[in-house]
Amino acid sequence: MTTQAGSPPSELGRILKAWRGMRGISQFELSLHTGVSQRHLSFMESGRSAPTRQTLMVVADGLDMPFRERNELLLAAGYAPLYDVDESWDAASFAIVRHALERMLAQHEPFPALVMDRYWNVVMVNEATRRMLGSFIDLARWPRPRNILRMIFDPAGLRPFVADWERLSASLIQRVRREAVGGAIDEPTRELLDSLHAYPGTEHIGTDDRAADLPVIPLTLVDGNRRLSYFSLVTTVGTPRSPGPQELRVECLAPVDEATEAWHGTPSA
């Protein structure tokens, strides 16, 4: 078989090889996972074979590729994208997910909870989150969409109030890499990481792997005599069928100590 007109085999091969490398599997192992012969996989990577759309999706399943990246795979093979990556948050198809997330955030009151996209932009928050963040910074100074990592790293944001800054910042950098959707460090994720390292005094953050060995690294904010400390519980949308739900993450902050719990139990604090 020959490759289709307009489909650069080198790009398709590059994507497949990159994802195999990311997953740490050989062509033989991928063949066992997918039922696609090792010979066919080799020809796909070398550009000697033009795979069908169905075969590509079988291979994408074997590589556990996120929906966005599956579109890139299809385009590289000369096919139209299959998934709508520009689906609006307000679309009717999102309604059931949106209502479920609103319910989760409400049920987590009086403690903070927020919904973020794959690039840590805040999509939804509950009232406890607004109250907690607003007690340290002026939220009106932060245009939407608010990126929670930039708010934490910015010296004009939460950073002056963060206790144990070096450990927390290292753990957050590692989380960005570890929790990237499907393990894909795409260009926007790299840009986010670069923007975090661009803040003063952050050039070497993320080089200490010891932070990853700790079971829980709390976010602790200190202002005068007030000390609020949380650890996070992360939830994702199960069995998503489109990029939007797949890329959402719910972060529920749980109090680490009684003082933090008491602060949230006092509406006038």
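All heavy atoms count here, side chains included; hydrogens, waters and symmetry mates do not. Keep in mind it's a predicted model, so treat the numbers as computed, not measured.
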Is it the case that the side chain of T34 and the backbone of G62 share a donor-acceptor pair, with hydrogens and angles ignored and the cut-off at 3.5 Å? no
T202 side chain to L196 main-chain N or O, any donor-acceptor pair under 3.5 Å?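 Side chain of T202 to backbone of L196, a donor-acceptor pair under 3.5 Å: yes, one is there.
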Closer than 4.0 angstrom, basic N to acidic O: yes or no for [X] and [Y]?
| X | Y | result |
| --- | --- | --- |
| R20 | E45 | yes |
| R68 | E247 | yes |
| D138 | R141 | no |
| R70 | D61 | yes |
| D186 | R118 | yes |
| E109 | R131 | no |

Sequence neighbours left out, what pairs pass ring pair (Phe, Tyr, Trp, His ring centres under 6.0 Å) with at least one residue falling in residues 110-130? F111-H264
Which other residues belong to the hydrophobic cluster containing F28, where Ile, Leu, Val, Met, Phe, Trp and Tyr are joined when side-chain heavy atoms lie under 4.5 Å apart, directly or via other members?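 Answer for F28: L32.
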Return the [atom1] to [atom2] distance between [X] and [Y], rounded to the nearest 0.5 Å.
| X | Y | atom1 | atom2 | result |
| --- | --- | --- | --- | --- |
| L73 | L56 | CG | CG | 5.0 Å |
| F161 | I152 | CZ | CD1 | 13.0 Å |
| L158 | L219 | CG | CG | 7.5 Å |

For side-chain hydrogen bond (donor to acceptor under 3.5 Å, both in side chains), just list the numbers for R226 and S135, CA-CA rounded to whole Å, side-chain angles, deciding distance to a tenth of an Å, and then say yes or no. CA-CA 10 Å; R226 179 180 51 178; S135 68; 3.3 Å; yes
Using the side chain to side chain contact (heavy atoms under 4.5 Å, CB included) rule, pick out the option among L253, V250, L114 that qualifies with S232.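 When L253, V250, L114 are each tested with S232, the side chain to side chain contact (heavy atoms under 4.5 Å, CB included) holds only for L253.
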